[in-house]
Amino acid sequence: MSGEGTTVIRNAAWIAAWDGGGHRYLRDGDVAFTGDRIVHVGGPYEGPAERSIDGARRFVMPGLVDIHSHPHTEPAYKGVREDHGVPEMYDTGLYERSCALSLDDPGRRAAMEMAYAELLLCGVTTLVDLSDASEWWLDGAGRSGLRVYIGPFFADSAWRVGKRHELLFDWDEARGRRWFDNAIRVMDLAEQHPSGRLRGIVYPGQIESCTESTLRDAAAHARESARPLTTHISQSRLEFQEIVRRHGKTPIEYAAGIGFLGPETILGHALFIDEHPDIRWRGSGDLDRLADSGASVAHCPSPFARYGQAMAHFGRYRERGINLGLGTDVAPHNLVEEMRLAIVLARVMAGRIRAVDTGEMFRAATVGGANALGRDDLGRLAPGAKADIVLLDLDHPAMRPARDPLRTFVFEAADRAVREVFVDGLPVVAEGRPLHLDPEAAGARLEESQARMLADAPRRDFLGRTGDAIAPRSLPS
Ligand SMILES: [Zn+2]
């Protein structure tokens, strides 16, 4: 099956169709696509078609849009990071772990392959991949079948843990400029890739790891090149304190003041803002700054929830008019599980069920992400949109009864229900298997690299500890 000609999904039991303003259910309809574009969503398709798919036991929905991920490293932290936190750093283990545990190049390549497969198998068709530049990245992304925004990391400083409570920064601005120049080169190459599915996203790594001039230059480059722009911001209390120490402002206030926020900006994670209960800053202007700028937030609940932290809260941001999308910051790369957790945590933090509902979270995971990327042709099933389409299996026991198939997908079945996936009209998952990726072989390679990563910890850790000392297993042995 190729992307040429027309494919029609006939008599689909359920369709999440786009009506121009929102998704709505259609019953017993057809979806047709020609090449990489959807040409029909609704009643019987009467035009010519080269291929036909029986939709009688399928829920047809748009592919999900994941706007924040690190596929080249995070799978290596399986079994390492889930219980790992540092009390002296307000429970975040991010800095200690990223300094002490570094994955080698073969491991990164294997991790990417595993993560891409996992993403396709949960219905993600567009991914923002924020990683270190590598020689094999574009080939791997192109081969996967995913639509990928390539975000090569650059920064002017590297984190270093000084004491249990101390985060230090080793500055090297000349190196940061070389990385920035190389990131531009890699983004240019991505956009020339023969797959036609790769684009660039400008990614200065963290708000506190870059100089003001680099952040200004990154924003200027994004606007000149019409590329989206992203960074990590308001992701820890340590970072909040560091920006206050340097500038006397909240991180969001600082970013707004230097012109970093605009409609092209995606902020991961914008969680520790001034009015968050863990911050209790003297004012509350951050949500207004986000709303006024048109910036989007990449919401990734898992890593924070594991430290006992949560956004406060999804419904509040949305009611203020802020565009929210979702991301998979850590393993598992399962955006449906993130949707479920985001709903539950929003309700817990708000203390009410109406903080967000399933339809609103589906919107964030589709058009919310697409809007963040400036794309009105993604995240929706409508004529003219890209043929990025997911078919869920209504015969899978986890999807039955499918009285409301979206709810059942998000709350019960998740990735188990994903049967077929198309990107640009090309099949990338068939019969629940990725067509262009081999996660089993990659998993074996990643196990070897993870062992090397843990063995190397004493050389890198500020206290010279072993990997097992930094992250003990969950049961004694
Ligand atoms: Zn991240």
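Only this structure's heavy atoms are used, side chains among them; waters, hydrogens and symmetry mates stay out. Counting convention: from 1, in listed order, for ligands and their atoms alike.
- For the side chain to side chain contact (heavy atoms under 4.5 Å, CB included) with I233, the qualifying choice from L261, V297, I252 is I252, the only one to do so.
- Between H72 and W136, the distance separating the two ring centers is shorter than 6.0 angstrom.
- Shown here are the protein N/O/S atoms lying under 2.8 Å from the Zn ion (ligand 1), water excluded: H68 NE2, H70 NE2, H232 NE2, D329 OD1.
- A cation-pi arrangement is absent between R237 and Y307, since the terminal nitrogen or guanidinium carbon is not both under 6.0 Å from the aromatic centre and inside a 45° cone about the axis.
- Among all heavy-atom pairs drawn from F272 and F240, the shortest one is O-CD1, 3.2 Å.
- Closest approach of F422 to T125, counting heavy atoms only: O-CG2, 3.9 Å.
- A 6.0 Å sphere centred on OH of Y90 holds no more than 12 heavy atoms belonging to other residues, nucleotides or ligands.
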